[in-house]
Every structure is written in structure tokens, then in C-alpha cells.
Amino acid sequence: MKRISMLCDRRVAKPLCALVTLAAISAFTALPAAAAGTTVPVRSHNPIAIGMFLLFVASTLFITRWAARRNNSVSDHYAAGGKITAFQNGWAIAGDYMSAASLLGISALVFMSGYDGLIYSVGFLASWPVILFLIAEPLRNLGRYTLADVVSYRLQQRPIRAFAASSSIVIVLLYLVSQMVGAGKLVELLFGFNYTAAVVMVGVLMVVYVFFGGMLATTWIQIIKAVLLLAGAAFMAFMVLNRFGFSMNALFSQAILAHPKHAAIMSPGGLVSDPISAVSLGLALIFGTAGLPHILMRFFTVSDAKAARKSILYATGIVGIGYALIIVIGFGTIALVATDPQYHSASGAVIGGVNMVAIHLAHAVGGNLFLGFICAVAFSTILAVVAGLTLAGSSAVSHDLYANVIRRGAASDREELKVSRITTLVLGVLSILLGIAFEKQNIAFIVSLTFSIAASSNFPVLLLSIYWRGLTTRGAVIGGSLGLVCAVTLTVLSPTVWVQVLGHAQAIYPYEYPALFSMIVAFAGVVFFSVTDNSPRASRERALYPNQLVDCELGMAKRG
Amino acid sequence: MEQGAPTYSIDARQLAADPPLTLHPLLSDPRFRALVHKRRRFSWTLTILMLAVYFAFILALAFAPALLGHPIAHGYPMTWGIPAGFGIFVFTFGLVAVYVARANTFHDRAANEIRQGARQ
């Protein structure tokens, strides 16, 4: 009991909670921070875990070889030729969203503060309906591979694509850095490998998947990982409930007994005490997801709008079940891991840091074999996510920047594919270098920054291009850029960076997340610079809106 | 005044090269306009419902945490917050299901009819 009370001591708990919160958003970002000072591997050189991981890598390489034979055109490479089924795409979307960080981060959050863990899972799920209702269909009907296709439908090709590609690349790079650092730290903890070697391995594998297998390989790797993750979580939750006679009340009672906060773990704690930060985070989660290039890209992989809609239905179901299982797992960690001395070091801290509690629970309920399985799943999920990101980043460069901005639409399929592959290599090298450079940095803010940028640059421009006749090129480019700059600036001035990373005494911007303000700036900027745009070009862009509406609703353009 | 060619901006010169703008014939089709109207109202209604439920939850957490921390039955540890949280999972899925059911049948059929009408 004393052990977690040390962890949940007020002074320690606050930054820790904030860090884990971020981990829960998606990546492993918080792992290094939460595990600071404890580089002891959970189980050093666990042979079962390594064996299972190698098995996963071998099967993904096999899939990549199979996919490479079917990867012959731009459409194959970016969108798997539109041949993914709704059910498959549903699993792949769920995979993109249910990273190992959901498993480790949310269960760690429940471990520390109980109910608060549930709050974040609710936020992740709530973003899907909004994407479906507002974005998914117009995206499919107006675009081919990227969101810039949609925005530039009636606006100027070159400035719009240059803007959308730049903000997408910023998002992809930031996201990649957080994943790379997380992967390195996780491998160090789980398998006892060297950090740099782990980062290089992740970089090389993701390049191989994307370079040869394109979207088809990326999708299948995502599907396999999602199935493994859900199966692992289901087994763990089942074993936990089994110990308590399948009674949630019995599980909660034991958790209340074991946790130093006792009954308080059943009510919301201090995590959402500041409404502005809470609303800001909510906005970033919900609307940021709708601006993430690797998520939007998934809607182009199915054959029609019907399938796109169904894939979101499957994904929402899968992710919802996944999160419900993770909450059970979280309370299981309190009941079973918190009081067990074998999972704590001599000083009383959880071995490997609090983010490892789900890994310890795997051992507690399933022994070494299951522990190895969960370790391998946790790592494989990073591989799947970075592959998707790399593909999205390389398509922004090859499809938007190269084919449409530089070559003005005159590039051949072959040339575009070649540029896409070169970009994949460059992104691989870049993310390895950045992963190594950021090893010792506190990068907990990066994931929330990524979502905030997406919510304040890509999302406003995409939404208004579909629903607002008055949008002009000038408004989109200036407003979207303002949103991006504002999200970055406020993040730098916030407590997470200004105080915790840069070491100043007082934060200039007092809230944790920028989205509430940066989204207002973005929308206001887009509207202001569109409304005041009196050029003849702007009036033509407005006049083209009704025709766009026809294609947006009926998808006539694509049907020819 | 000898003011030869008017000084067009680059934009204007490009515009001169653009084909004249003709509006799509479907835009005056009342069935099309009805479909757009119905579909958008439906989408935005569901969006607002989702956002309202989500932000009501977040604001309840911020301003009235005791509400969610209240036990459902005396003597049992389960609080109202647990079914509320899981309830939002179910609500989210339900909302998506309602949308998909309506879009895949009613809206798609209407869109198809209009498309075919336009081809004839």
C-alpha cells in the first residue's frame, strides 16, 4: 500500500498524471518520462517475448512480400487500389487508434487515479462519429488520396496543396518522433535491448513495409496487430474478472481496498478540475482526429461510400469494446498488481514505471508466456502506426508537393510512385535521426501538440471547404497557417514546455492544451481573410461552390 | 487617354483563360436540393448530439464531480460514473449505427435516383 501511496503522493502524482494522460492520447510519449530513472528492464532478455516479437516481424515481412506483388500503381500504393473491405478497414482504423499506449497508458491512468482513466477513453471514441457525420463522405466523393484533393477542388491548386502538405508533414513528423522515442524506450524496458538499436530497427522495418508493400501491407499489419491487441486485452480482462467471480462490484471492492485513495477511485478526481484545459483537450481529441492525414487516408482504401461508413461502424464497435476491456484491466492492476511485492522494486516503485502495470498484470494472470505475448503485441503496434504515418507523409510529398505543386499535374504515375518511395526512405532516415536526437528529451507535449495542430490547421480548412461557400484560397492558406502557428506557440508557452522542459518559473499561457484558442484563431482567420478577399479569383471560387456541392453529395466526378 | 491593354493582374489573366462558369443542371433539381437539405440537417443534428453529450460529461466532471461519484446502491462500490462512462460508449456506437443505417438505405437510394435521372 505504501508503495503506490508514494507514487500517488500529491507532488509526484500531478506531473505524473499529466504525463500519463498524454500517453493515453495515443503514443508512448509518456513512457520515458514516467519511467525516468528506472531503466531496469521489466524482464531482462525475456526469450519468449523476443521469440513472439520475431514471429510477428517475420509474418509482417511475409505479408509485405505478398503485398509488394500487388503494389503496382499510385492507387495501389496510396489506397490499396480501393480493394479493402469495410470489415477489414474497420479493424485497420481501430488499429490506428487503439495503440499499445491505449492499453498501457489508460490502464496506468486507472492504476493511479481510478475513474479518471475512463474520461480519456470516452474522448477518443467520441471523435469517430464526428468524422463520419461531417468529413468521411465528402472526403471520398471529392478526393482521391489526400485531404488537399478535397480542399483544392475549387481553390487554387498550388498554394492550397503547398499549405496542406506542409501542415500534414509537420503532423506526421511530430507524431513519428513521439512514436520512435516511445518505441526505443519500450524496447529497452521490455526486451532489454539498446535504445539506438531499437530506433534503427523500427525505422528500417517501417521503410520496408511502406516502400515495398504500400497501403496494402500497412493495412494488413494494422489489422493483425489490432486483432492481437484485442485478443490479448480480452484474455486479460477475462482472467481478472474470473478471479472475482465475474462481479464488477467484487473487483471494485478489492481495488478500493488496495488503493491508497480508497473509495475516491470510483469518482472523478482532479484530472479535469480546470474546465478550460478540459474543453481544450476535448476539442483537440475530437477535431484533431478529423485532421490527421493517416486517419483520413484510410477512407480511400475502400470501394465506395457505403463501405466507408460501415468501416467506421465496425471501428467504433471494436474500439469501444477495447476501451471497456482496458478499463477492467486498469481496475485489475489496482486489485492484483498494486499489492504484489514481486512487481515493485526495493524502493517501492513499480518496476519499469507505472506505464508497465498492464504488463505486470499480464504476468500475474497469464504467466511468462502471456507476458511475452503482451510485450510483443505492445511493440508490434508501434510498427503498425509508424508505417501508416510514413505512408501518409510520403503521399503528401509525392501527390501534393511533387505531382501537383512542382510538376503542376504533369507527372506520370511512375514518377509519382518513385518520388513517394524516395520520400519514404527520407522519412525513415529522418525519424531515426530525430528518434536518437530526442532520446533524453522530455517530449510528453508532442502528442497533444500533434492533435492540436491537426485540429487548428487541417481540420478548419477541410471543414469549411466542404460546408462554407465563402471560403477562398487566401482565407484557407492564411487562416490555416495562423492556426498552426498559434497551436505551436501556445504549446511552447504552456506549463508543459515553458516550465517543465525549458525550466522557467511561470508559464506565460496558463493552460495545458492550446486547441480551444488556436481553433478560434484558425476559424476566425479563415473567415476574415476569405470575406475580405475581393479578387476576381475569390469570386470565381465562391461561384464554383454549387458545382462542388453536386460532386460532394453525389460523387459524380469520380464515377465519370 | 491612350491606355492600351488594361493592366490585368495575374489572376485576371488566368481567369480570362478559364472556361466560362456553367452551373450544374442538377442544382435546380428540387429533388437534389431536398436531398442536400435533409442529409445536412441529419448530419449536423447527430454531430451536435454527440458533442452535447460529450461536453456535458466533461463539464459535469469539472463542475459537479460528486454527481458521478455517487454510489448507485448503498453498500456497493459501483458509482453512477461507471455506467455513465460506459453509457457514452454505447451511445456513440448507437449514433454511428443510426447514421449508417439511414445513409446506406434512404440517402443512398435518393442519391442514386437523382444520379440516374441526370444520366438520362
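Below, all heavy atoms of this structure are taken into account, side chains as well, without hydrogens, waters or symmetry copies. Only a predicted model underlies this, so the values are computations on that prediction, with no experimental measurement involved. Throughout, protein chains are lettered first and strands after them, A, B, ... in sequence-line order, and every chain is numbered starting at 1.
- Of the atoms belonging to A:Ile466, heavy atoms from both backbone and side chain fall under 4.5 Å from chain B.
- Within a 6.0 Å radius of OH in B:Tyr76, other residues, nucleotides and ligands contribute 12 heavy atoms or fewer.
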Show me the donor-acceptor pairs within less than 3.5 Å that the side chains of residues 275-283 of chain A make with the rest of the protein, sequence neighbours left out.
| residue | atom | partner | partner atom | Å |
| --- | --- | --- | --- | --- |
| A:Ser277 | OG | A:Asp274 | OD2 | 2.7 |
| A:Ser277 | OG | A:Glu512 | N | 3.3 |
| A:Ser280 | OG | A:Tyr513 | O | 2.9 |
| A:Ser280 | OG | A:Ala515 | N | 3.3 |
| A:Ser280 | OG | A:Leu516 | N | 2.8 |

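- What you find for B:Pro77 and A:Ser253 is that their closest heavy atoms are CG-OG, 3.4 Å.
- For A:Ile256, the part lying under 4.5 angstrom from a heavy atom of chain B is the side chain only.
- Both the backbone and the side chain of A:Ala126 come within less than 4.5 Å of a heavy atom in chain B.
- In this structure a side-chain-to-backbone donor-acceptor pair under 3.5 Å is present from A:Asn547 to B:Thr22.
- For A:Met248, the part lying near chain B is the side chain, with the backbone staying farther off; criterion is any non-hydrogen pair under 4.5 Å.
- Considering all non-hydrogen atoms of both residues, A:Ala543 and B:Leu23 come closest at O-CD2, 4.0 Å.
- Here the OG1-NZ distance, from B:Thr105 to A:Lys306, works out to 8.0 Å after rounding to the nearest 0.5 Å.
- Of the atoms belonging to A:Phe287, it is side-chain heavy atoms, and not backbone ones, that fall under 4.5 Å from chain B.
- Between the side chain of B:Thr79 and the backbone N or O of A:Ser267, no donor-acceptor pair lies under 3.5 Å.
- Separation of atoms CD (A:Glu553) and CZ (B:Arg115) is listed at 10.5 Å; rounding is to 0.5 Å.
- Contact annotation for B:Phe42: neither backbone nor side-chain heavy atoms come within less than 4.5 Å of a heavy atom of chain A.
- Heavy-atom distances place no part of A:Leu251 under 4.5 Å from chain B, backbone and side chain included.
- Contact count versus chain A (heavy atoms, under 4.5 Å) is highest, among B:Trp44, B:Trp80, B:Phe57, for B:Trp44.
- Of the two parts of B:Met50, only the side chain, counted from C-beta on, holds a non-hydrogen atom closer than 4.5 Å to a non-hydrogen atom of chain A.
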I'd like a table of donor-acceptor pairs (distance under 3.5 Å, sequence neighbours excluded) in which one partner is a side-chain atom from residues 82-104 of chain B, with atom names and distances.
| residue | atom | partner | partner atom | Å |
| --- | --- | --- | --- | --- |
| B:Thr92 | OG1 | B:Ile88 | O | 2.6 |
| B:Tyr99 | OH | A:Glu137 | OE2 | 2.5 |
| B:Asn104 | OD1 | A:Arg309 | NH1 | 2.5 |

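- For B:Leu46, the parts lying near chain A are the backbone and the side chain together; criterion is any non-hydrogen pair under 4.5 Å.
- Contacts with chain B were tallied for A:Val319, A:Val130, A:Leu549; A:Leu549 has the most, counting heavy-atom pairs under 4.5 Å.
- When each of A:Gly123, A:Gly320, A:Ala264, A:Ala263 is scored by its heavy-atom pairs under 4.5 Å with chain B, the top score falls to A:Gly123.
- Going from atom OH of A:Tyr545 over to atom CG of B:Leu27 covers 10.5 Å, rounded to the nearest 0.5 Å.
- If you measure heavy-atom distances from A:Tyr115 to chain B, the contacts under 4.5 Å come from the side chain alone.
- A distance of 5.0 Å separates CG in A:Leu554 from CZ in B:Phe32, rounded to the nearest 0.5 Å.
- With a 4.5 Å cut-off on non-hydrogen atoms, A:Leu125 touches chain B through its backbone and its side chain both.
- Counting heavy-atom pairs under 4.5 Å between each of A:Asn249, A:Thr316, A:Ile327 and chain B puts A:Asn249 at the top.
- Contacts between A:Ile286 and chain B at a heavy-atom distance below 4.5 Å involve the side chain alone, from C-beta outward.
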